[in-house]
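Working notes, structure below.
All chains are named by letter (A, B, ...) in the order of the sequence lines, taking the proteins before the strands, and each is independently numbered beginning at 1. Predicted, not measured: the structure shown is a model, and the values here were computed from it. No hydrogens, no waters, no symmetry mates; every other heavy atom, side chains included, goes into these values.
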Number of protein chains: 2
Amino acid sequence: MDRRIKRTKAAIYAAFEELLSEKKYEHITVQEIIDRADIGRSTFYAHFETRDDLLKAVCSELFSHVFSDHSKAEASHDFSSEDDTLKNALTHILYHLKDDRKRYSRIFSCESSEIFWSYFRKQLSELISGYNYGYETGKTDIPEDFRLDFLGGAFIEAVKWWFRTDLKTSPEKLVSYFAALTGQDQL
Amino acid sequence: MDRRIKRTKAAIYAAFEELLSEKKYEHITVQEIIDRADIGRSTFYAHFETRDDLLKAVCSELFSHVFSDHSKAEASHDFSSEDDTLKNALTHILYHLKDDRKRYSRIFSCESSEIFWSYFRKQLSELISGYNYGYETGKTDIPEDFRLDFLGGAFIEAVKWWFRTDLKTSPEKLVSYFAALTGQDQL
DNA sequence: AAGAAATCGAACAAAATGTACGAAAACGGA
DNA sequence: TCCGTTTTCGTACATTTTGTTCGATTTCTT
């Protein structure tokens with residue numbers, strides 16, 4: 001690959017990720033990116049059609065690291081590669097995220113429709129905590145705030161799936177799926 | 001409340017939600033909203049400071065319906081109000097969403113950082129499905145696609161929580177929480 | 001009917017967008 | 001090192017959006 005391209009892309013990526021740590025993705029302009037990267041306007045558009053294009057490219061690049069070469073991750077965190085379970089696979093992913101936490105934090109803090117979901121999630125977590133009398137705290141070592149955030153977020157995921165599949169499942173069934181998969185049957 | 005204000009806000013809301021069903025939130029401009037609502041530019045800014053402000057207002061209005069008056073929801077869907085469990089509460093919420101599915105669909109389809117999460121989720125679901133040999137299909141009536149989407153999304157929620165709390169939990173512990181709350185211990 | 005409040009619309013500066021083009025620079029293969 | 005190719009630069013440009021201002025006008029409330 002042409003060195004100039006590599007240099008230009010690197011400059012754009014760096015500027016973009018830097019900006020991402022300062023402000024929301026939605027408020028970052030192409031102008032700011034090229035100013036920060038110190039490249040010509042036309043140069044940017046020679047590589048990316050839109051700002052979304054750039055984000056996609058960055059995501060793609062990031063994830064190529066996350067999901068490739070589990071073995072490497074294992075090697076660097078001393079897991080026996082024979083124990084190839086989902087749990088370990090997920091653990092390896094988490095280690096990778098942790099190793100590059102700065103980059104991922106920037107991306108993870110993007111938001112937009114999140115305004116909506118965060119409303120929903122907050123309300124749900126409160127709602128769930130209100131029904132907690134049947135739940136024995138202390139029996140497990142799962143932090144209460146994790147449990148509430150997680151269940152709220154997981155329920156949102158169920159709702160998202162529900163809408164993706166055109167609400168063809170009845171609410172009762174959906175809730176039963178949710179309850180079954182989260183072991184919240186008792187509530 | 002002044003009728004003019006009510007009319008103006010209604011016009012803005014209608015135009016906004018209409019646009020929301022045609023394009024992504026991020027690409028909707030104030031210009032389009034006031035054109036569609038047929039109101040003066042200054043009038044819009046008299047009610048909302050920014051486009052995000054408007055979205056927040058719409059969300060707030062929408063959720064005030066979702067989380068208020070469970071009793072009403074119960075009445076209209078014949079639940080015995082004595083059975084006040086979390087499951088029923090969630091079911092009622094789902095019914096409400098279903099009743100107003102058109103409005104909610106519009107909001108739900110917003111995206112932005114979703115570009116990132118959807119990448120992640122897709123990969124995760126694939127990963128999980130690869131470890132499914134231990135899972136007995138057919139034993140439950142939970143659809144396979146729901147299970148995969150859900151577990152992927154739920155794991156993302158765990159990761160989000162992880163980052164919100166500054167990665168202070170070890171990857172192993174986080175995965176064990178996830179496994180415990182989703183009954184995926186066996187994998 | 002009268003005073004208050006909201007809307008209109010036109011105008012404005014500032015900024016961003018996406019595109020175009022020729023000149024200059026950097027590249028890679030021979 | 002040379003030469004054709006590719007990339008970058010810089011500038012320019014038309015268009016669009018943004019957020020604000022202000023007086024005139026309309027609509028509301030009482």
Side-chain angles (χ1 to χ4, degrees), chain A residues 1-61 106-107 109-116, chain B residues 1-61 106 109-115:
Chain A
M1 187 193 257
D2 199 310
R3 282 182 228 148
R4 292 169 293 181
I5 296 181
K6 223 189 288 184
R7 241 188 296 125
T8 299
K9 287 209 169 182
I12 292 178
Y13 278 37
F16 178 58
E17 295 198 26
E18 207 179 292
L19 283 165
L20 221 38
S21 67
E22 295 170 16
K23 49 166 70 182
K24 293 200 275 183
Y25 166 70
E26 291 74 30
H27 297 144
I28 296 174
T29 65
V30 175
Q31 193 62 48
E32 289 174 308
I33 297 170
I34 62 179
D35 283 349
R36 181 89 53 129
D38 196 33
I39 58 162
R41 168 167 220 71
S42 40
T43 305
F44 177 88
Y45 284 107
H47 293 285
F48 304 99
E49 289 193 356
T50 64
R51 197 189 42 162
D52 276 18
D53 235 39
L54 173 57
L55 179 57
K56 279 180 190 165
V58 170
C59 290
S60 182
E61 194 257 345
R106 282 185 214 115
I107 300 275
S109 64
C110 291
E111 63 161 305
S112 88
S113 78
E114 293 307 309
I115 294 174
F116 180 83
Chain B
M1 188 193 254
D2 199 310
R3 280 182 228 150
R4 290 169 294 183
I5 297 181
K6 224 189 286 181
R7 240 189 297 125
T8 299
K9 286 208 168 178
I12 292 178
Y13 277 37
F16 178 58
E17 294 198 28
E18 208 179 292
L19 284 164
L20 222 36
S21 66
E22 295 169 16
K23 51 166 70 178
K24 292 200 276 185
Y25 166 71
E26 291 74 32
H27 296 144
I28 296 175
T29 65
V30 174
Q31 193 63 48
E32 288 173 306
I33 297 171
I34 64 180
D35 283 347
R36 181 89 54 128
D38 195 33
I39 58 162
R41 170 167 218 70
S42 42
T43 304
F44 177 90
Y45 284 107
H47 292 286
F48 304 98
E49 288 194 356
T50 65
R51 197 188 44 160
D52 277 17
D53 234 40
L54 173 57
L55 178 58
K56 279 180 190 166
V58 171
C59 290
S60 182
E61 194 257 343
R106 282 185 215 115
S109 62
C110 290
E111 63 161 306
S112 86
S113 78
E114 292 308 308
I115 294 174

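- Closest of all the heavy-atom pairs between A11(A) and A37(A) is O-CB, 3.6 Å.
- Taking only side-chain atoms of I5(A), from C-beta outward, the nucleotide of dA16(C), dT17(D), dT7(D) with the closest atom is dT7(D).
- At a cut-off of 3.5 angstrom, counting only N and O atoms as typed in the model, there is no donor on one side facing an acceptor on the other between the side-chain of R4(A) and the base of dT8(D).
- D52(B) and Y25(B) form a side-chain donor-acceptor contact under 3.5 Å, judged by distance and modelled atom types alone.
- Atom CZ in F44(A) sits roughly 12 Å away from atom P in dT19(C) (whole-Å rounding).
- When distances are taken from the side chain of D2(A) to each of dT7(D), dT7(C), dT8(D), the shortest belongs to dT7(D).
- If you measure from atom CZ of F48(B) to atom C1' of dT18(D), you get 17 Å, rounded to the nearest angstrom.
- Note: CD (Q31(B)) to P (dT17(C)) measures 17 Å, nearest angstrom.
- Sequence order on DNA chain D of the closest nucleotides to I28(B) and R7(B) puts I28(B) first from the 5' end.
- Between R36(A) and E22(A), at least one side-chain nitrogen of the basic residue sits less than 4.0 Å from a carboxylate oxygen of the acidic one, meeting the salt-bridge criterion.
- The CG-P distance, from L54(B) to dG19(D), rounds to 13 Å in whole Å.
- Distance NZ (K6(B)) to C1' (dT27(D)): 15 Å, rounded to an integer number of Å.
- Side-chain atoms of T8(A) come within 3.5 Å of backbone N or O of R4(A) as a donor-acceptor pair.
- The separation between R3(A) atom CZ and dT5(D) atom C1' is 15 Å, rounded to whole Å.
- When rounded to the nearest whole Å, the span between NE2 of H27(A) and P of dA15(C) equals 17 Å.
- Shortest non-hydrogen contact noted between R51(B) and E26(B) is NH1-O, 2.9 Å.
- Heavy atoms only, all atoms of each residue included: F44(B) and T50(B) are closest at CZ-O, 4.4 Å.
- At whole-Å resolution of the value, CD in E26(A) and C1' in dT18(D) are 17 Å apart.
- Between H47(A) and the phosphate of dT8(D), there is a side-chain N or O to OP1/OP2 separation shorter than 4.0 Å.
- In this structure the side chain of I12(B) never reaches within 4.5 angstrom of the side chain of I34(B), judged on heavy atoms.
- Phosphate contact (OP1/OP2 of dG19(D), side-chain N/O of Y45(B), threshold under 4.0 Å): present.
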Legend entry - Per-nucleotide protein contact string for nucleotides 10-15 of chain D (B base, S sugar-phosphate only, - none; heavy atom under 4.0 Å): B-B---
